[in-house]
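Take a look at the structure set out below.
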There are 2 protein chains.
Amino acid sequence: MSNQWQETMLAEVKAGGRISDQHIVDMIRQAVLSQRLPPGTRLPEVALGEIFGVSRSVVRKALTRLASYHVITQQPNQVARVCAPDIDETHEIFAARRLVEGEVVALLAGKLEPEQCAVLAGHMEAEKAAYAEGDETARIEHSLAIHHYLADHSPNRILGKMLSELILRTSIVIALYKQPSLASCYLEGDHDTLLARLRDGDAEGARRAIDNHLASLERLLDLRAQENRIDLAAIFGKLGG
Amino acid sequence: MSNQWQETMLAEVKAGGRISDQHIVDMIRQAVLSQRLPPGTRLPEVALGEIFGVSRSVVRKALTRLASYHVITQQPNQVARVCAPDIDETHEIFAARRLVEGEVVALLAGKLEPEQCAVLAGHMEAEKAAYAEGDETARIEHSLAIHHYLADHSPNRILGKMLSELILRTSIVIALYKQPSLASCYLEGDHDTLLARLRDGDAEGARRAIDNHLASLERLLDLRAQENRIDLAAIFGKLGG
DNA sequence: CCTGCCCATAGTGTATACAAAAATTGGCAG
DNA sequence: CTGCCAATTTTTGTATACACTATGGGCAGG
C-alpha cells in the first residue's frame with residue numbers, strides 16, 4: 001500500500017494546508033481518472049487518514065461520497081475498494097454515456113464561442129502530439145480534458161454532472177479491460193470530427209460523432225468471457241514472482 | 001419540527017428494530033417523494049438522531065448520501081435542508097428526465113412480460129380510481145409506482161438508477177412549483193398510451209409518449225418569474241397567523 | 001422607530017474511544 | 001503436504017466530547 005499516488009497526495013497536502021473531505025474526494029477521483037490507482041485497490045480508512053493528516057471522520061465522509069459516485073464500493077464491515085465493474089455493467093456504462101454525452105454535444109452544437117472551440121482544439125493538438133511521442137499518460141490527460149470540458153459547459157448542468165460521473169466510470173473500465181496488446185486507446189480524428197460538427201452547429205452530426213467515438217472505444221476493450229481474467233492474472237503473478 | 005412524518009418514522013423505528021444509515025436514507029427519501037417533507041425543510045442532525053434513536057455519526061452518513069442524491073443541500077456549518085431547485089434547474093431536471101426515461105422506455109418496449117404489463121396496468125387503474133375519488137396522496141403513490149417500476153426494470157441498470165434519482169427530483173420540484181389552483185397533476189390517458197406502446201414493442205412511440213407526458217406535466221407547473229415566490233409565502237403566513 | 005452590535009443558543013466539524021466484525025496468520029491434525 | 005480451526009490483527013461501526021461557526025433576540029444608540 002505504499003504506492004506512488006500516496007506520495008503525490010502527501011506532497012499536495014503538505015503544500016496546500018488544511019484538507020477537507022472535498023479535497024480527498026477530488027484527489028482520489030483524480031487518481032482513479034488518471035489510472036494511478038487501479039480498480040480493486042484497497043482503501044482502508046486509517047491509512048487514508050494518516051496520508052491526508054485527518055481523522056477517520058473526514059475520510060469516512062469522503063468515502064461515502066465516492067461510493068455515491070460509484071468510484072468505490074463499500075460493503076458493510078469491509079474495506080472500501082476502487083470499483084471494478086463486470087462486463088455487463090461496462091456495456092451499460094458505455095450505453096448510458098453514449099446517450100448522455102450525445103445529448104450534451106447536441107445541445108452544445110453551435111453554442112460554443114470561438115475561444116471555447118480553441119480550447120478544445122488545443123487539447124486535441126496536445127493529445128495528438130502526446131500520442132506521437134508515445135506519452136500515453138499525457139494523451140489520456142488531454143483526452144479527458146476534452147470530455148470534461150464538454151461536461152462542464154453543458155447547457156443542461158444536470159446532464160453535465162451525469163456526464164462527468166460517466167466519464168469517470170468509463171476511465172475505470174478502460175483501465176480494467178484495455179487489451180494488453182494495445183499501447184493506447186487513441187482514435188485518430190474522432191475528436192476533430194466532433195469539433196467540426198460542434199462548430200457547424202450540426203447537433204445530430206455531433207451526436208453521431210460522439211456515438212461513433214464511444215462505440216469505437218468500447219470495441220477496443222477486451223470484453224469477452226470474463227470468468228477467470230483475474231485468476232489468470234494471479235497465476236501469472238505467482239509464476240512470474 | 002414536531003411534524004407528522006416524524007411520528008411515522010418513529011413508529012417504524014420502534015417496530016423494525018435496528019436502524020442503519022440506509023434506512024434513514026430510505027425513509028427521508030420516501031418522505032420527500034410523497035411530499036410529506038416539503039422543500040426547504042430543516043434537517044438538524046441531533047433532531048434526526050433522536051428520532052431514529054442513533055447518534056449523529058449515522059445521521060451524518062445518511063445526510064451525506066442524501067446530498068449526493070441531490071435530495072438535500074448541505075452547506076458548511078449550516079443545517080441541511082430539503083432541496084429547493086430554482087426555475088432553471090427545474091427545466092433542466094425535466095429535460096434530463098425526458099432524455100433518460102425516454103431511453104428507458106424505448107429499451108423496455110416489447111420486452112415486458114404480460115404479468116409485468118399487468119402490474120403497470122394495475123397501478124394505472126388504481127391511479128385513475130384515486131383521482132376519481134379525489135385522493136391525491138394515493139394517486140401520487142400509484143403514479144410514482146409506475147415510473148419507479150420502469151426504472152427498476154430498465155434493461156440498462158445505470159439508466160435505471162439515474163431515472164430513479166430524476167423521479168425523486170421531479171417530485172421535489174412538483175411540490176415546489178405546482179400551481180396552487182390545480183388540485184392534481186393527473187394527466188388522463190398518458191400512462192395508458194405509454195403502456196400500449198410498450199406492449200406493441202413500439203420503442204419510438206414509447207419514447208414519444210413519455211416525452212409528451214413529461215412535457216405536459218412541466219406545463220402544469222408555475223414556472224414564471226420566480227423572484228418573490230417565497231417572500232410572498234412568508235408574507236401571507238404572517239398575515240394569516 | 002429604526003439600526004447596528006453583542007451575546008446566548010443551536011448546530012455543525014473533527015477527533016477519539018470502544019465495540020464488533022472480518023481478514024490473516026499460525027499451528028495442528030489428517 | 002494439505003486442509004481446517006483458532007488466536008491475532010486489522011478494519012470498520014457507533015457513540016461521544018469538545019471546538020468552532022452561524023443564527024436570532026435583546027439592548028443601546030441614533
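To find a chain, count down the sequence lines: A is the first, B the second, and so on, and within it residues start at 1.
Computed from coordinates, the B/Gln22 CD to D/dG13 C1' distance equals 15 Å when rounded to whole Å. Rounded to an integer number of Å, the gap from CZ of A/Arg81 to P of D/dT12 is 11 Å. In this entry the distance linking CG of B/Leu63 with P of C/dG11 reads 13 Å, nearest Å. Rounded to whole angstrom, the span from the CG atom of B/Asp21 across to the P atom of D/dG13 amounts to 9 Å. As a whole-Å value, the separation of A/Gln75 CD from C/dA21 C1' is 14 Å. If you measure from atom CD of A/Glu45 to atom C1' of C/dT16, you get 14 Å, rounded to the nearest angstrom. Residue B/Phe52 contributes atom CZ, which lies 17 Å from atom C1' of D/dT14 at whole-angstrom precision. For the pair B/Leu48 CG and C/dA10 P, the computed distance is 17 Å after rounding to whole Å.
Under 3.5 Å, the side chains of A/Arg81 and A/Thr41 contain no donor-acceptor pair of N or O atoms. A/Gln30 and A/Asp26 share no donor-acceptor pair across their side chains, judged by distance under 3.5 Å alone.
With A/Arg97 as reference, A/His147 is the one residue of A/Glu165, A/Glu92, A/Glu218, A/His147 to meet the side-chain hydrogen bond (donor to acceptor under 3.5 Å, both in side chains) rule.
Between the side chain of B/Arg56 and the base of C/dG11, no donor-acceptor pair of N or O atoms lies under 3.5 Å.
Close to D/dT23, at under 4.0 Å from its OP1 or OP2, lies a side-chain N or O of B/Gln78. Regarding contacts with the backbone of D/dT12, every side-chain N or O of A/Arg60 stays at 4.0 angstrom or more from both OP1 and OP2. The side chain of A/Ser55 contributes an N or O atom lying less than 4.0 Å from OP1 or OP2 of C/dA15. OP1 or OP2 of C/dG11 has at least one side-chain nitrogen or oxygen of B/Arg42 nearer than 4.0 Å.
Comment: B/Asp21 engages B/Arg65 in a salt bridge, judged by a side-chain N to carboxylate O separation of less than 4.0 angstrom. Salt-bridge annotation for A/Arg60 and A/Glu45: present, with a side-chain N of the basic residue lying under 4.0 Å from a carboxylate O of the acidic one.
Side-chain proximity of B/Asn77 to the nucleotides D/dT16, C/dG13, C/dA15 is greatest for C/dG13. Comparing D/dT12, C/dA15, C/dG11 by their nearest atom to the side chain of A/Val46 picks out D/dT12.
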